[in-house]
Amino acid sequence: MTSGTIVIDQERCKGCGLCPTVCPQHVIHLLDDQLNARGYHPAALVDPEGHCTGCGICAVICPDVCITVYREARAARRPVMA
Amino acid sequence: MTSGTIVIDQERCKGCGLCPTVCPQHVIHLLDDQLNARGYHPAALVDPEGHCTGCGICAVICPDVCITVYREARAARRPVMA
Amino acid sequence: MVATLIPPIEMDVIYERPTALSPVHTHYCPGCTHGIAHRLLAECLDELGLREQTVLIAPVGCSVFIYNYFEVDSCVAPHGRAPAVATGVKRVLPDRIVVTYQGDGDLVSIGAGEVLHAAARGERITTVFINNAVYGMTGGQMAPTTLPGQKTTSSPAGRDIRMTGNPIRMSEVIAQLGGAVYVVRRSLHDVANIRKAKKAILTALKVQMAGLGFSLVELLSTCPTNWGMSPPEAMEWVERHMVPVFPLGDFKVTDAVKDL
Amino acid sequence: MVATLIPPIEMDVIYERPTALSPVHTHYCPGCTHGIAHRLLAECLDELGLREQTVLIAPVGCSVFIYNYFEVDSCVAPHGRAPAVATGVKRVLPDRIVVTYQGDGDLVSIGAGEVLHAAARGERITTVFINNAVYGMTGGQMAPTTLPGQKTTSSPAGRDIRMTGNPIRMSEVIAQLGGAVYVVRRSLHDVANIRKAKKAILTALKVQMAGLGFSLVELLSTCPTNWGMSPPEAMEWVERHMVPVFPLGDFKVTDAVKDL
Amino acid sequence: MQKEFLFAGFGGQGVMFAGQLLAHAAMSAGLEVTWIPSYGPEMRGGTAHCFVVISDSPIGSPISKHPQAAVVFNNPSFARYEPIVAAGGVLAYNSTLITQSSQRTDILLLPVPATQIADEVGDLRLANVVMLGAVLTAFPALPLDIIKRALEEHLPERRRHLLPLNLQALEAGAAHAQRFVQPA
Amino acid sequence: MQKEFLFAGFGGQGVMFAGQLLAHAAMSAGLEVTWIPSYGPEMRGGTAHCFVVISDSPIGSPISKHPQAAVVFNNPSFARYEPIVAAGGVLAYNSTLITQSSQRTDILLLPVPATQIADEVGDLRLANVVMLGAVLTAFPALPLDIIKRALEEHLPERRRHLLPLNLQALEAGAAHAQRFVQPA
Amino acid sequence: MARELMKGNIAIAEAAVRAGLQAYFGYPITPQTELLEYLSQRMVELGRIFLQAESEIAAINMVYGAASTGVRVMTSSSSPGISLMQEGFSYLAGAQLPCVVVDVMRGGPGLGNILPSQGDYFQVTRSAGHGDFHPIVLAPASVQEAIDFTVLAFDLAEQYRHLVMVVADGQIGQMMEPAELPSMREVQTVGPDWALTGARGRPKRLISSIYMLGEEGEAFNRQVQARLQLIKSREQRCFEYQTEDAELLVIGYGTAGRIAYTAVEAARAAGLKVGLLRPQTLWPFPEERISTLSDSIRACLVVEMNAGQMIDDVRLAIGGQVPVDFYGRMGGVVPMPDDILAAIEETYARMTVRVRA
Amino acid sequence: MARELMKGNIAIAEAAVRAGLQAYFGYPITPQTELLEYLSQRMVELGRIFLQAESEIAAINMVYGAASTGVRVMTSSSSPGISLMQEGFSYLAGAQLPCVVVDVMRGGPGLGNILPSQGDYFQVTRSAGHGDFHPIVLAPASVQEAIDFTVLAFDLAEQYRHLVMVVADGQIGQMMEPAELPSMREVQTVGPDWALTGARGRPKRLISSIYMLGEEGEAFNRQVQARLQLIKSREQRCFEYQTEDAELLVIGYGTAGRIAYTAVEAARAAGLKVGLLRPQTLWPFPEERISTLSDSIRACLVVEMNAGQMIDDVRLAIGGQVPVDFYGRMGGVVPMPDDILAAIEETYARMTVRVRA
Ligand SMILES: Cc1ncc(C[n+]2csc(CCOP(=O)(O)OP(=O)(O)O)c2C)c(N)n1
Ligand SMILES: Cc1ncc(C[n+]2csc(CCOP(=O)(O)OP(=O)(O)O)c2C)c(N)n1
Ligand code: SF4
Ligand code: SF4
Ligand code: SF4
Ligand code: SF4
Ligand code: SF4
Ligand code: SF4
Ligand SMILES: [Mg+2]
Ligand SMILES: [Mg+2]
């Protein structure tokens with residue numbers, strides 16, 4: 001049911017941990033064992049089974065605008081913040 | 001019926017004309033033909049028939065605190081501003 | 001001309017100069033109600049026996065010389081900063097009575113921030129706020145309290161509210177603040193209102209004596225000189241034009257104040 | 001670590017960076033909701049097509065570098081004076097969109113007078129007011145919005161309201177002023193509230209476009225660093241502690257605004 | 001030669017206008033001139049004054065410690081300025097209102113019942129113009145004709161209809177002063 | 001002789017504390033000392049650093065363009081400070097976290113797997129003390145004993161129970177550095 | 001244009017209008033209020049911007065905002081108000097914004113009084129706010145100069161992207177004198193290339209004074225200092241009277257300088273070889289000319305309406321070559337020509353004795 | 001008392017407490033905020049008054065109010081905040097109120113940055129507000145001096161009924177150094193005879209700075225000037241190092257002076273006859289000592305963390321007798337000993353050439 005996905009700009013990510021708390025599908029996690037160039041543990045989509053719905057909730061909360069959200073092409077576009 | 005009277009400090013008076021407008025007995029007048037040392041036409045009690053009741057209303061409005069109010073000794077004291 | 005100051009024989013003095021007022025001439029224009037406000041404050045200090053424990057903070061405005069007129073310790077604050085100066089005094093001397101006396105230019109315009117914060121902190125001071133809808137001392141410019149359409153020397157065509165907004169009702173604003181416990185508006189335009197004004201000042205001082213918080217009494221006042229009116233006309237103008245814009249009333253009276 | 005920025009094939013972009021935001025890193029701490037507020041404002045500018053006609057007035061506070069983050073003309077105001085600076089810009093350029101972005105120290109403390117008067121005059125500007133109950137940039141001192149009992153670096157024993165008063169609810173104060181036509185409080189602590197916040201910013205900008213008067217959107221915001229909390233904890237703290245003191249809602253929406 | 005005038009009285013007595021009229025006249029006569037008022041709160045309820053200095057070379061101070069001509073309209077101004085008139089100068093005063101007198105013998109004392117004269121002319125408010133006419137007769141810094149032209153040009157719109165009365169008042173003041181002036 | 005240390009890393013890596021410890025130790029050794037942090041908003045989310053200068057005579061600048069010893073805890077700090085270490089000085093770096101390397105031959109490069117050592121000692125947060133032990137071995141400005149006493153006196157109350165681990169970390173850092181130091 | 005009898009405050013206001021003033025923000029304070037009052041009518045008539053600010057701080061920040069858009073903008077105040085604008089001045093300097101500020105000085109310190117004074121000399125020339133900068137400071141001594149310098153102020157402000165102050169005192173503000181106004185200039189419609197107008201079809205612009213790194217801060221300050229040097233080398237202005245053969249040079253600006261003129265006239269009439277130099281720019285101070293004159297004079301007398309402030313600049317210009325005396329009045333007192341003449345005679349006598357000895 | 005490792009900001013705060021500080025009002029600003037933060041705890045513990053004001057303007061006016069009651073009172077800020085206090089300073093001076101103001105200077109102009117600077121020299125020494133006055137200005141160069149001068153500041157303030165400023169820079173504020181604190185002084189309970197306390201059983205008192213008439217204003221200003229002269233004659237202070245036989249005198253205060261010390265040490269080691277004079281009072285400036293030294297030196301080098309401000313005072317003190325060079329860093333940059341040494345060598349070389357020529 002891969003209806004959506006996200007791309008996280010991990011160099012921009014500050015590992016604040018907000019997106020993992022809001023994702024309804026629990027498919028975002030902080031990479032505790034990795035540091036980006038600025039010293040943060042970035043968030044990553046860990047979604048092997050394609051649970052991400054492209055709902056965009058993670059993007060709504062991300063203070064660093066790291067997340068681009070995609071959804072299956074056929075899905076009717078619904079702007080995230082309308 | 002001289003139940004009261006007032007004394008106007010005419011050197012302090014600025015001839016603003018407020019007390020004449022409020023006196024219920026109409027016994028205060030500006031002296032249009034006199035000037036005090038500071039160039040004002042002072043107010044004066046013109047009360048030949050003793051209409052002043054000592055009500056103190058003139059003193060309440062006088063911005064320059066020129067007016068001292070007296071009332072017949074026997075009259076029960078009622079502070080003007082109580 | 002010699003003023004008759006000899007008291008009539010066999011009569012009681014019903015009203016005389018309060019002792020908190022100094023025996024001097026004031027510089028106010030004829031009929032200016034600053035004088036009435038002074039007298040009321042002085043009477044209240046007398047009645048509450050506060051003269052010797054009061055520190056009065058003078059503003060910059062027509063009442064800047066108020067220190068000449070009161071028999072109390074006083075301090076001239078920079079324009080608009082009286083509430084901050086009062087805060088400094090009161091914090092050091094919490095058992096003294098600290099009163100600021102401020103005009104509308106002083107309190108609403110340049111000093112809006114200071115009074116707002118003193119009120120918010122609940123400084124235990126009392127502010128007598130003289131709203132005459134104009135900058136008196138500097139010659140009658142527009143104030144934030146100038147009425148819509150009112151002509152002043154800096155709004156010669158009348159206050160244009162599209163460019164300068166509507167008058168600020170400062171008492172209503174200050175009533176919003178937590179530390180303000182007694183905020184009322186009264187007027188000095190006639191005898192009945194003057195009597196109510198005095199009661200309000202009395203209450204405000206009692207609020208301070210009880211340490212309840214910030215108290216403010218706004219007084220609608222005249223400026224015959226800059227309004228270009230006779231004093232009686234000015235009184236009428238207050239009633240007819242100012243009172244509708246600045247409604248008289250109590251904007252905040254906390255329960256503790258009611259219990260006083 | 002290489003960030004994967006390659007878009008998935010055959011999918012539509014549902015959300016991406018607004019073009020009004022510059023493609024740079026911000027200096028904000030992890031999880032600081034200043035970032036969210038920035039994004040919302042940028043999205044609104046994009047949606048209304050205002051980027052090229054906007055002048056942004058930066059405050060002094062953590063958001064002082066906001067000019068680095070927006071693709072708009074901007075100007076850094078002295079601490080607290082953004083509304084006066086905005087007034088200067090807007091009066092000269094009445095057909096541009098002028099937005100101030102200010103923290104609670106900036107807007108409620110040092111700049112209380114300026115925002116009050118801009119609102120009273122009905123300046124046709126929009127203020128985004130970030131209330132994080134603390135002075136973020138200088139390291140977490142007490143603000144006029146700090147909660148009762150809240151520990152800060154200048155109220156180490158917790159804010160003592162007897163000495164410093166209760167927090168100032170600035171939106172409620174500003175709503176009192178004639179020229180303010182749209183004054184609301186929103187919060188950034190969760191997704192639903194963030195969405196509402198965006199709607200409010202959108203409305204505020206439309207108010208300005210229609211020339212109706214002063215608009216202000218207060219946003220309850222976090223300062224994880226100075227609160228000593230993780231970002232998710234900080235979000236929860238806003239909900240549990242700030243919202244009760246700073247109720248969310250519309251404090252002034254004039255009829256003209258409703259008609260928009 | 002520099003000629004220094006002081007005008008002083010209560011606010012509302014037309015003191016400032018009398019001074020300005022003189023200044024305008026001096027300017028149209030091609031002379032250097034300065035006019036300066038006392039200003040600010042000390043005016044409030046008190047006296048107002050202004051200085052006019054007329055000269056044929058650049059003027060340094062628009063104020064003078066010892067003006068050659070003082071034109072005073074009320075008692076407080078008389079008291080304040082009588083002592084400072086330059087020796088050999090003129091002190092013109094509105095004797096309708098001023099009850100004081102001077103012991104000075106080194107100046108020309110010019111009592112002018114200006115309010116009374118103005119009343120006779122037909123408007124009490126013209127006392128200032130009467131005084132101007134008088135002082136310029138005793139201290140002829142400028143010919144009266146130039147003052148008349150200045151009146152024509154600078155009388156405020158709403159008092160324009162009073163021009164004839166103004167001219168009359170000026171003349172009346174001059175006529176009155178003539179008596180005190182030594183025949184030329 | 002003046003000895004200048006720079007400590008640099010991310011906020012939270014204990015950089016400031018390591019420097020202060022050294023400063024306290026120097027003071028109790030009767031030396032002149034200054035400690036100064038970088039401060040203010042540029043710290044936010046970025047790197048923090050502090051300088052410690054120790055001397056037997058009055059210290060002029062608490063900051064040095066070319067410190068003799070730099071102790072760096074992360075990549076950005078390595079990049080920024082590697083070039084400025086004084087010739088003949090020491091660059092100690094946390095090699096667990098730092099992936100960069102230096103081409104300089106005029107300084108002593110002292111890689112310390114400090115996070116790893118600290119982990120072995122039992123607390124990851126002790127990497128800073130490990131580094132301090134290491135740098136003072138390579139650049140012996142003060143005997144380790146004085147640092148130990150400073151630790152005893154200045155460890156914050158809430159970490160007092162970690163004193164033994166701290167001492168261990170210090171020793172471990174010193175032991176590691178011993179390898180890089182020429183036999184005396 | 002013909003000469004008109006004009007009050008200094010009004011003359012400055014109308015001159016600003018004719019120089020293309022597009023926006024004025026101010027707060028009433030004696031003795032400059034007529035300037036604001038006049039503009040409240042005039043600017044509105046012309047469809048330009050007049051706004052009475054809620055305070056001097058708001059006024060200077062409105063100026064900062066309006067100046068950011070590249071238009072000609074002005075405020076005016078008097079001493080206490082000028083003190084309140086210090087942070088704003090520093091920001092204007094830090095952001096390199098052109099604007100004109102009029103200071104009609106009054107007696108201080110504190111509330112002081114509303115009489116004429118020159119007590120702000122240090123404040124305006126030395127440190128109109130924190131950090132290293134000097135406004136250009138023009139000091140008119142007559143209503144005509146007040147007009148001319150106001151126009152000049154706008155031109156210099158724009159030319160150098162710099163803060164320019166016109167510094168008068170209550171006497172110049174209140175005095176009426178015949179003077180001639182310039183004709184009305186066209187208001188500029190195209191702004192400079194740094195002005196904020198909305199980033200339509202061009203890269204965004206920024207008005208700010210932040211330089212977080214020391215190197216940035218220093219580089220910016222170097223640029224400012226270079227500009228100040230340029231101004232210093234080009235814009236020193238003064239008025240001279242009988243300086244050619246003067247042995248005693250009297251130096252005074254504004255009202256003090258104007259009154260000194262009369263005193264110098266009188267001294268010359270009495271046969272004393274006295275000259276007057278009246279600085280018209282207080283910053284840059286006309287040090288070159290004074291330095292040159294210091295070779296030919298034997299003494300110098302500085303006259304100010306303060307406790308001695310410009311005297312520092314005179315001493316610095318003269319560099320110890322000749323003695324510098326001082327005559328000053330304070331707290332709102334304006335010296336009379338006689339007073340200055342007496343001071344001249346005293347210095348003159350001392351100078352002569354000195355040579356004899 | 002034993003030496004402790006202390007941060008400058010904290011040291012000033014604690015020294016003030018021990019000198020009897022009874023009321024503190026302030027507003028946060030980097031790099032002095034720790035001072036306020038420390039007092040927010042310490043003063044409350046001691047039952048004294050601490051209040052975070054809503055702005056610098058409110059803070060200085062609270063200080064004005066508290067000082068009116070005769071207690072020891074202080075505020076602190078950094079450059080932009082100091083600009084905002086100018087009107088307040090002038091009122092304090094006009095009302096002759098004692099108080100202490102700490103300025104931990106940062107890079108300007110404008111918002112600038114938070115790095116160490118000496119850009120406020122003119123502002124604090126010349127014109128801390130409109131009108132004629134100078135605060136007493138103390139400039140510590142170490143944490144120990146910061147402590148000592150804070151205590152001294154309170155004593156001088158009270159002795160002269162005057163505004164005293166302790167002027168440091170971000171480096172001194174932020175630096176830790178070993179230093180010794182004085183012991184705790186008793187807090188005074190009886191106020192001076194001008195203090196406002198309520199007119200119980202005595203004539204009313206007034207704190208004000210109004211002098212409506214010029215004569216009053218002048219009389220008051222004369223009194224102020226006389227006091228300033230007295231201070232000038234008594235309170236000039238400086239630190240000297242190797243000045244006895246110096247041919248080149250380096251002059252710098254605060255951080256710049258302290259760093260110059262190292263450079264002078266190095267220059268001496270290299271055999272150059274260089275000495276250091278470090279002014280500890282910026283106003284009154286130690287002109288007497290410098291003037292005396294100017295007889296024996298051949299050149300002077302002024303070092304500042306600004307574009308050259310104190311250099312005016314040095315030039316005035318030296319009066320043109322020897323050339324005065326300048327080395328300055330701006331915008332938050334702190335010079336290094338090497339930089340100053342290079343400047344010393346340059347001046348030294350020029351000086352030698354000059355003599356040879
Ligand atoms: C900093 C400063 N700005 C401006 C002034 C000039 N000023 C003196 S009084 C005043 C306004 C007074 O108006 P208000 O407070 O309404 O008092 P009123 O005279 O009407 O009683 C102003 C603007 C000043 N003295 N100081
Ligand atoms: C005149 C002045 N005073 C003080 C400061 C120091 N200062 C910088 S930001 C700030 C407070 C910022 O708090 P806030 O406005 O709440 O913004 P935040 O950082 O919390 O977003 C202060 C006091 C300054 N830069 N200028
Ligand atoms: S788009 Fe929705 S489901 Fe996908 S990661 Fe984000 S929050 Fe989770
Ligand atoms: S919300 Fe943004 S910054 Fe925070 S962890 Fe997620 S992607 Fe990173
Ligand atoms: S006391 Fe009453 S009756 Fe008597 S004069 Fe006054 S107002 Fe009139
Ligand atoms: S109210 Fe007072 S001042 Fe006015 S006329 Fe009457 S007595 Fe005189
Ligand atoms: S100017 Fe107005 S407020 Fe001032 S004294 Fe006169 S009437 Fe009263
Ligand atoms: S200090 Fe607070 S407000 Fe500032 S960036 Fe960090 S979290 Fe945000
Ligand atoms: Mg008013
Ligand atoms: Mg905040």
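The sequence lines fix the lettering, A, B, ..., with proteins before strands; numbering per chain opens at 1.
- A donor and an acceptor atom, one from each side chain of G:Gln52 and C:Ser154, are located under 3.5 Å apart.
- Closest of all the heavy-atom pairs between C:Ser155 and G:Ser40 is N-OG, 4.3 Å.
- The two residues C:Gly105 and G:Tyr27 make their nearest non-hydrogen contact at O-OH, 3.8 Å.
- Heavy atoms of C:Val64 lying under 4.5 Å from chain G belong exclusively to its side chain.
- Contact of G:Leu39 with chain C is not made at all, since no heavy-atom distance falls under 4.5 Å.
- Proximity to chain C (any heavy atom under 4.5 Å) is shown, for G:Tyr38, by neither the backbone nor the side chain.
- Interatomic distance, OG1 of C:Thr153 versus CD of G:Glu34, reported as 9.5 Å (0.5 Å rounding).
- Ranked by heavy-atom pairs under 4.5 Å with chain G, the first of C:Gly111, C:Pro156, C:Pro78, C:Ala157 is C:Pro156.
- Atom CE of residue C:Met163 and atom CD1 of residue G:Ile49 lie 7.5 Å apart, to the nearest 0.5 angstrom.
- Between C:Thr138 and G:Ile29 the shortest side-chain heavy-atom distance does not fall below 4.5 Å.
- Shown here for C:Ser109 and G:Ala53, the closest heavy-atom pair between the two residues is OG-O, 4.4 Å.
- Summarising the geometry of G:Glu37 relative to C:Gly139, their closest heavy-atom pair is OE2-O, 4.1 Å, with the distance given to 0.1 Å.
- From C:Thr164, atom OG1 reaches atom CZ of G:Phe50 across 10.0 Å, with rounding to the nearest 0.5 Å.
- The closest side-chain heavy-atom distance from C:Gln141 to G:Thr33 is below 4.5 Å.
- Atom-to-atom distance recorded for G:Leu84:CG and C:His79:NE2 is 9.5 Å, nearest 0.5 angstrom.
- Other residues, nucleotides and ligands place more than 12 heavy atoms under 6.0 Å from the CZ atom of G:Arg185.
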